[in-house]
Visitor: 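First the structure, which I've put down as structure tokens, then a few questions once you've had a look.
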Amino acid sequence: EGLPFAERDVAVVGGGQAALAVGYHLARELRKTDATVAFFDDRAGPGGAWRGTWDSLRLFSPAEWSSLPGYLLPRHLGDADPEAAEAPHRDDVLGYFAAYEARYELPVWRPVRVTAVRRDGDRLRVETDRGDVRARAVVAATGTASRPVVPDVPGREAFGGVQIHSGAYRSAEPFAGQRVLVVGGGNSGAQILAEVSAVADASWAVETTPRFLPADVDGRVLFDAATARYHALKSGEDPGRPYGLGDVVQVPSVRAAKEAGRLDDLRPPIARLTAAGVVWPDGTEESVDVVIWCTGFRPALEFLAPLGVIDDAGRVTVEATRSVAEPRLWLVGYGSWTGFASATLVGVGRSARVTAREVIQSLSFPTS
Ligand code: FAD
């Protein structure tokens, strides 16, 4: 079924947290105008990447540190379940996003996949699998989850076991009793290893020994430390060595596994894969049934290729969040390169506000 319109003032590509935060600020500023905005998201329902995370996933910060602008992630579950207040479950986030879209009446069209954005006179043409829409401004908020990165390890095709990326991991159950290698020393690797190692014979291939944050450091402390560093850098002071944002947070499952010694079986990066397992850099071989790649993601920006704005690193040169080469295009939520802490729930609001203001100014709609 086609879309019921062919023109919009603003087209937002994506329907995850970054898109919703932009939507909140656009809705606020545009409510007294007749501006038209549409969001296109290729998923079946609200939630963005949170729809695809593993079953047990909990946030590493309490509700008030895990909220989008305007409307706090409800803490009501906290009364019955103290853990839910301290570390909301991913299902809580999904419910919150659905409520958020409804509360601010954000017109998110689903499922609509944007295949390309092209220049079309004084407009940008947003091509989708349900028809084209000409827009005066485009905001890309497509996240990274749809572009998992797997390192180019020789022999990957020859491996006879199971390979999955962390983005496709749901629970440890299918791996019970098997020999599992978790690759990647970040938070995803640690959390997946923590549960897989409870039911399987699991080891951990890492480039450097993982750094665990102190047990009392959660997302709140990390965000404060990163904010202090941001301000110090801005004012030219020595920011010191902060907690690394890539360091492993000791969420309860990770702490328990660590204390039980289940995160200690460290290996170097794989040299190559064979039909039956892995070969280590020193030439020794080991049988493995399953490899879980916890090796990250890259920005999902393929649809911008016709604009010629994507650089070799797969990014777009921006000033704040606005493309330098195509000033009718903004990018929100992809990481620090599109705004400080913009890939977090609590951090994306700032980038979203700046973006909405610029978009509206560029359209010359009066703001409140
Ligand atoms: P997404 O959520 O990916 O939303 C983008 C949407 O656009 C998706 O629905 C996608 O399918 C869609 N899309 C992509 N391409 C197209 C296209 N061409 N056309 C149409 N639609 C498209 N952050 C925190 O603040 N706290 C946490 O505790 C936390 N824990 C995390 C745990 C894990 C395991 C991971 C992976 C991330 C975590 N994050 C956390 C980070 C962050 O919250 C997520 O990465 C977040 O989903 C990013 O939001 P986004 O809106 O930028 O992208």
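Every number for a ligand or one of its atoms is a count from 1 in the order of the listing. As the structure is a computational prediction, the values presented were derived from the model and not from experiment.
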Visitor: Stepwise, does the side-chain contact (heavy atoms from CB on, under 4.5 Å) test hold for Asp42 with Val112?
Guide: CA-CA 5 Å; Asp42 61 4; Val112 178; over 6 Å; no
Visitor: Can you list the atoms of ligand 1 that are under 4.0 Å from a heavy atom of Ala343?
Guide: 41 (C), 42 (C), 43 (O)
Visitor: Return the closest protein heavy atom for atom 35 (C) of ligand 1 as residue, atom name and distance.
Guide: Thr53 CG2, 5.0 Å
Visitor: Side chains of Thr355 and Thr321: is there a donor and an acceptor less than 3.5 Å apart?
Guide: yes
Visitor: Mind checking whether Ser146 has an N or O less than 3.5 Å away from an N or O of ligand 1?
Guide: no
Visitor: Answer with yes or no whether Ser66 contacts ligand 1, where contact means a heavy atom under 4.0 Å from a ligand atom.
Guide: no
Visitor: Should the ring pair Tyr169 and Trp54 be called parallel, tilted or perpendicular, given that the plane angle runs from 0 to 90° and is split at 30 and 60?
Guide: perpendicular
Visitor: Looking at CZ of Arg58 and OG1 of Thr53, how far apart are the two atoms once the value is rounded to the nearest 0.5 Å?
Guide: 12.0 Å
Visitor: Looking only at protein heavy atoms, identify the closest one to atom 36 (C) of ligand 1 and say how far it is in Å.
Guide: Phe297 CE1, 4.6 Å
Visitor: Report yes if some N/O of Val13 lies less than 3.5 Å from some N/O of ligand 1; otherwise report no.
Guide: no
Visitor: Would Ala49 count as being in polar contact with ligand 1, using the rule that some N or O on each side must be under 3.5 angstrom apart?
Guide: yes
Visitor: Quick one: does Ala300 get an N or O within less than 3.5 Å of an N or O on ligand 1?
Guide: no
Visitor: Give the numbers and elements of all ligand 1 atoms closer than 4.0 Å to a heavy atom of Asp41.
Guide: 6 (C), 7 (O), 8 (C), 9 (O), 10 (C), 12 (C), 21 (N)
Visitor: Does the ring of Tyr71 carry Arg103 above it, NZ/CZ under 6.0 angstrom from centre and within 45° of its axis?
Guide: yes
Visitor: Within the 4.0 Å heavy-atom shell around Leu59, which atoms of ligand 1 are there?
Guide: 27 (C), 28 (O)
Visitor: Between Glu195 and Ser56, does any side-chain donor sit less than 3.5 Å from a side-chain acceptor?
Guide: yes
Visitor: Which label fits Tyr24 and Tyr104: parallel for a plane angle under 30°, tilted from 30 to 60°, or perpendicular past 60°?
Guide: perpendicular
Visitor: Any cation-pi pair here, Arg8 with Phe5, using under 6.0 Å and within 45°?
Guide: yes
Visitor: For atom 30 (N) of ligand 1, find the nearest protein heavy atom and state the residue, atom name and distance (0.1 Å precision).
Guide: Trp50 CH2, 3.5 Å
Visitor: Ignoring hydrogens and angles, state whether a donor on the side chain of Trp280 or Glu285 is under 3.5 Å from an acceptor on the partner side chain.
Guide: no
Visitor: How far is atom 11 (O) of ligand 1 from the closest protein heavy atom, and which atom is that?
Guide: Asp42 OD1, 2.6 Å
Visitor: Side chain, backbone, both or neither: which part of Arg43 has a heavy atom under 4.0 Å from ligand 1?
Guide: side chain
Visitor: Look at atom 4 (O) of ligand 1 and say which protein heavy atom is nearest, naming residue and atom and giving the distance to 0.1 Å.
Guide: Gly16 CA, 3.5 Å
Visitor: Against heavy atoms of Arg113, which atoms of ligand 1 measure under 4.0 Å?
Guide: 16 (C), 17 (C), 18 (N), 19 (N), 20 (C)
Visitor: Does Trp54 reach ligand 1 with a nitrogen or oxygen that is under 3.5 Å from one of the ligand's nitrogen or oxygen atoms?
Guide: no
